[in-house]
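Comments concern the structure below.
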2 protein chains.
Amino acid sequence: MKKAEATRLTILQKAFELIYIKGYQTTSIDDIIATTQVTKGAFYYHFKTKDEMGIAIINEILKPTLKNSFIQPLQSEQNPLDAIYTLMDNLLMKNEFLKVEYGCPASNFTQEMTPWNADFNKVLNELTEQWTKVMTTAIEKGKENGFVRKDVNAKRVTLFVMSGYWGIRNFGKLENSKKVYLTYLKELKSYLNTLK
Amino acid sequence: MKKAEATRLTILQKAFELIYIKGYQTTSIDDIIATTQVTKGAFYYHFKTKDEMGIAIINEILKPTLKNSFIQPLQSEQNPLDAIYTLMDNLLMKNEFLKVEYGCPASNFTQEMTPWNADFNKVLNELTEQWTKVMTTAIEKGKENGFVRKDVNAKRVTLFVMSGYWGIRNFGKLENSKKVYLTYLKELKSYLNTLK
DNA sequence: TTAAAAACATACTAATTAGTATGTTTTTGA
DNA sequence: TCAAAAACATACTAATTAGTATGTTTTTAA
């Protein structure tokens with residue numbers, strides 16, 4: 001990798017971590033250049049504004065990460081109900097980067113930036129679109145393969161499951177304990193069982 | 001009401017509306033005194049700090065409101081599954097104050113203030129505690145009265161439903177349309193039906 | 001090799017922020 | 001009625017903010 005490219009990536013990665021922990025608005029450019037050891041001149045060479053950096057984080061960090069964490073598991077498994085449960089279990093209980101006290105990066109961004117910033121809104125929409133599509137497709141396939149009841153509405157289920165995930169991530173922040181995740185997962189399993 | 005008391009209440013109410021729309025961190029004291037027509041001296045006579053006002057909003061505005069919006073409907077109806085659905089339908093589709101583009105005040109506060117402010121964490125915990133307790137109790141009663149299956153775990157269902165609510169509020173912000181609420185409500189109804 | 005462009009560095013600015021210092025006016029209770 | 005306390009008003013401050021002006025250094029390509 002070229003040096004300049006590496007600088008840009010460092011900024012994106014470190015800024016993302018800071019924002020995940022502190023929130024977007026309360027993470028200052030000075031915070032970012034302090035932890036990255038990158039000077040202000042370098043920062044503003046790579047990004048015209050703070051928001052341009054924020055958008056880049058979503059496009060270049062969040063989207064690819066979600067592709068690996070969400071989309072792969074859903075497409076590789078046969079039974080979509082098992083796939084969804086395993087996915088949630090992995091994200092909530094096993095993922096090493098995500099912390100219960102800081103919630104879900106995508107959800108945090110959405111809460112904080114919508115509806116005031118149209119650019120953020122756009123890329124965040126693409127982000128969720130990406131992932132609801134795959135989940136819906138997986139459920140539809142599961143209907144064909146007999147894993148899921150024929151009268152199940154895939155889009156509804158997807159939205160219902162995703163909402164639950166974003167919501168429990170927020171409850172986790174409040175309780176600061178993965179115990180709520182376990183409780184949630186048990187009921188999720190019950191719910192998914194009603195779909196087969 | 002005494003005049004001073006009225007001033008304090010005006011600040012709390014108008015500040016709450018501003019914060020609901022703009023977020024806590026991005027609503028400045030100057031914003032608040034501008035829209036309330038209250039001077040800075042008056043503001044800081046009633047509240048030592050911004051955070052003290054924030055806490056007061058939760059304790060004196062949010063908590064009582066939730067008691068009326070959440071707790072009353074759940075306690076007055078016989079069938080808890082119907083009660084939960086009606087409650088969600090009212091909150092999402094019929095409530096005049098809550099706007100799809102601004103989400104849920106309690107969820108927003110939680111997202112923004114947790115885990116960095118212990119005082120906020122405490123009162124927000126009390127807030128959700130208040131409401132999960134009532135929902136859990138209603139479901140338990142429903143089990144006794146034959147409205148809900150005996151093997152249903154009331155606490156799990158409560159957390160599952162509340163998570164879904166917070167989550168769909170966030171999706172609403174993203175989509176800026178109540179259509180997602182309708183989709184969500186349909187699946188919620190299906191889910192609740194599996195509990196009887 | 002060298003000149004131009006890319007990449008980075010430093011010192012600044014103007015606006016905004018929460019909060020304070022120091023008043024004046026209004027209310028209250030003896 | 002009148003003094004003390006409560007309630008409010010105004011002008012300020014120090015810190016922080018995103019962003020800029022103006023450089024120097026490094027890389028690139030002819």
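Below, all heavy atoms of this structure are taken into account, side chains as well, without hydrogens, waters or symmetry copies.
- Every residue was checked against the salt bridge (charged side-chain N to carboxylate O under 4.0 Å, His left out) condition with A/Lys133, not counting sequence neighbours, and none meets it.
- With sequence neighbours excluded, no residue forms a ring pair (Phe, Tyr, Trp, His ring centres under 6.0 Å) with B/Tyr181.
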Table of protein N/O atoms under 3.5 Å from nucleotides 26-29 of chain D N/O atoms:
none

Nucleotides 14-21 of chain D: which of its N/O atoms have a protein N/O under 3.5 Å away?
from	atom 1	to	atom 2	distance (Å)
D/dA18	OP1	A/Lys50	NZ	3.1
D/dA18	OP2	A/Ile29	N	2.9
D/dG19	OP2	A/Tyr44	OH	3.4
D/dG19	OP2	A/Lys50	N	2.9
D/dG19	N7	A/Lys40	NZ	3.4
D/dG19	O6	A/Lys40	NZ	2.9

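- A/Phe120 pairs by the side chain to side chain contact (heavy atoms under 4.5 Å, CB included) definition with A/Tyr24, A/Asp51, A/Ile55, A/Ile58, A/Phe109, A/Met113, A/Asn117, A/Leu124, not counting sequence neighbours.
- Searching all strands for a Watson-Crick or G-U wobble partner of C/dA21 with both distances below 3.5 Å returns D/dT10.
- Of the side-chain N and O atoms in A/His46, none sit less than 4.0 angstrom from OP1 or OP2 of C/dA6.
- Applying the side chain to side chain contact (heavy atoms under 4.5 Å, CB included) criterion to B/Gln78, with sequence neighbours excluded, gives B/Asn145, B/Phe147.
- B/Ser190 pairs by the side chain to side chain contact (heavy atoms under 4.5 Å, CB included) definition with B/Glu187, not counting sequence neighbours.
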### Task
Test B/Phe171 against B/Tyr184 for ring pair (Phe, Tyr, Trp, His ring centres under 6.0 Å), laying out the working first.
CA-CA 10 Å; B/Phe171 269 96; B/Tyr184 168 80; 9.7 Å; no
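- Going from atom CD of B/Gln37 over to atom P of D/dC8 covers 14 Å, rounded to whole Å.
- Annotation: side-chain hydrogen bond (donor to acceptor under 3.5 Å, both in side chains) contacts involving residues 152-161 of chain B, sequence neighbours excluded, comprise B/Thr136-B/Thr158.
- Checked against salt bridge (charged side-chain N to carboxylate O under 4.0 Å, His left out), B/Lys14 has no partners two or more places apart in sequence or in another chain.
- Atom CZ in B/Phe43 sits roughly 18 Å away from atom C1' in D/dA11 (whole-Å rounding).
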